[in-house]
Protein chains: 2
Amino acid sequence: MILEYILLGLLREPATGYALKTEFDEGASHFWSAKLSQIYPALNRMEKRGWLKSTVEASDKGPERRVYTRTKAGEKALFRWLRTEPIVGMERFAYLAQLIFMGQIEDPATTLQFMKQLRELLSAKLNLLSSVAEGMKTDDLNIEDFHAHLSLRMGVLSLSAKVRWCDESIKRIDARLAKEGARV
Amino acid sequence: MILEYILLGLLREPATGYALKTEFDEGASHFWSAKLSQIYPALNRMEKRGWLKSTVEASDKGPERRVYTRTKAGEKALFRWLRTEPIVGMERFAYLAQLIFMGQIEDPATTLQFMKQLRELLSAKLNLLSSVAEGMKTDDLNIEDFHAHLSLRMGVLSLSAKVRWCDESIKRIDARLAKEGARV
DNA sequence: GATGTCATGTAATAAGTTACATGATTTG
DNA sequence: CAAATCATGTAACTTATTACATGACATC
């Protein structure tokens, strides 16, 4: 279960389920996502399995919180997973499914609008990631920041490629529409 | 449910569950995947809902087959979905999760090997997609082939970017290893 | 006769989403 | 005092994977 390994990875330092959710949204949202209602039971399972230990602490703000700490067994499980082959082939792009079948509607104007919307959505994501990446230095990073920077770069490069693809596609659709218009 | 809409899209022409699985693997694997054990119940549900009709036919080869045909209601449901906003934010890259936490192992050689493996896996996918894309003409396509070509292009462009990212990353890790070696 | 492809399904389990339920503290 | 944030969980449901079960026909 990939979520569990991501939680193990995030639990480098002890944290609550709530804090992990925040980290997820801030640092991992470009490659994975999870809801609180999935995180809490997962942490529970992991503790039963011996990968985590938890203690209940009073909070300075709000109710009591359950703080999870990664055990040695948890670390071992994580490292074992990290040494497996790169996991590929689970890619999911729902918007490509929409685009590919949109030809059946036979209305280039619909596709044009779709691609323009998609361009905006993707470039907003790109801007977010770029600003995080640019806020980091690139040289003399410690090994953990170096890894964080590597994965940010992949987000930046692949989103840039997709935005360029949107632009290219918009031009091609415009050209088709111009031809159609000329024919009438 | 996205799978159901993809099945509707594929069912432009009547087909069996088995044939849809083949189409999935050949034409849709770079943006979605599904197992037969998920496809059969889905088709069943969709027929109950009135999106499909099925008939049982004898096969020239192997056992009887259930051929599904998309109904007008199914087409309407598909077109309605196609006109919704582009679905983004479901991206999942398990290999990025591996990479980002790999810093905790503190062994650049592990990361180097990982990136080299990833490069091979991604470039194999890229070659597959490129050859399909190159086998298509680019001008004067009918509207459906045009859409197929658009989505192939996204695969080619974004995979190229990722392969370049692997190369860039491999160089950076090599540089770190060289530095480390120099220090010893 | 073994292996591969065609063909359809069910059962059990795992993973993920939406909705429900509760309640304290902080900030405007 | 209303809204936001902090905080934890359960219940119901949907979606997806793995394993099981069956069997015809084709090719080597």
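Naming: A, B, ... by sequence-line order, numbering from 1 per chain.
- Computed from coordinates, the B/Met46 CE to D/dT14 C1' distance equals 16 Å when rounded to whole Å.
- Rounded to a whole Å, the NZ atom of A/Lys21 is 14 Å from the P atom of D/dT5.
- Residue A/Met1 places its side chain closer to C/dA15 than to any other of D/dT15, C/dA15, D/dT17.
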Listed pairs, N/O of protein and of nucleotides 8-11 of chain C, under 3.5 Å:
from: C/dT8; atom 1: OP1; to: B/Arg66; atom 2: N; distance (Å): 2.7
from: C/dT8; atom 1: OP2; to: B/Tyr18; atom 2: N; distance (Å): 3.2
from: C/dT8; atom 1: OP2; to: B/Tyr40; atom 2: OH; distance (Å): 3.1

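- Rounded to whole Å, atom C1' of C/dC6 lies 14 Å from atom CG of B/Asp25.
- Atoms NZ (B/Lys35) and C1' (D/dT15) sit 13 Å apart, rounded to a whole Å.
- Atom CG of A/Leu3 and atom P of C/dG16 are 6 Å apart (whole Å).
- Distance, A/Ile39 CD1 to C/dT18 P: 14 Å, rounded to whole Å.
- Of the options A/Trp32, A/Trp81, A/Phe79, a ring pair (Phe, Tyr, Trp, His ring centres under 6.0 Å) to A/Tyr5 is made by A/Trp81 and by none of the others.
- Proximity of A/Phe114 to A/Gln98: side-chain heavy atoms (C-beta onward) are separated by under 4.5 Å at one or more points.
- Contact annotation: B/Gln38 side-chain N/O to D/dT17 OP1/OP2 distance is under 4.0 Å.
- The shortest distance between side-chain heavy atoms of B/Trp51 and B/Arg45 does not fall below 4.5 Å.
- Pairs passing the salt bridge (charged side-chain N to carboxylate O under 4.0 Å, His left out) check and including a residue from residues 139-156 of chain A, sequence neighbours excluded, read A/Arg12-A/Glu144, A/Asp140-B/Lys179, A/Arg153-B/Glu168.
- Put simply, B/Arg45 has no side-chain N or O that comes within less than 4.0 Å of OP1 or OP2 on D/dT14.
- When the P atom of C/dA15 is taken as reference, atom CZ of A/Phe24 falls 13 Å away, rounded to whole Å.
- Take A/Arg83 and apply the side chain to side chain donor-acceptor pair (under 3.5 Å) test, not counting sequence neighbours, and it matches B/Thr110.
- Atom pair A/Ile87:CD1 and D/dT17:P shows a separation of 13 Å (rounding to whole Å applied).
- Side-chain N/O atoms of A/Thr138 and A/His149 include no donor and acceptor closer than 3.5 Å.
- A cation-pi arrangement is absent between A/Arg65 and A/Tyr18, since the terminal nitrogen or guanidinium carbon is not both under 6.0 Å from the aromatic centre and inside a 45° cone about the axis.
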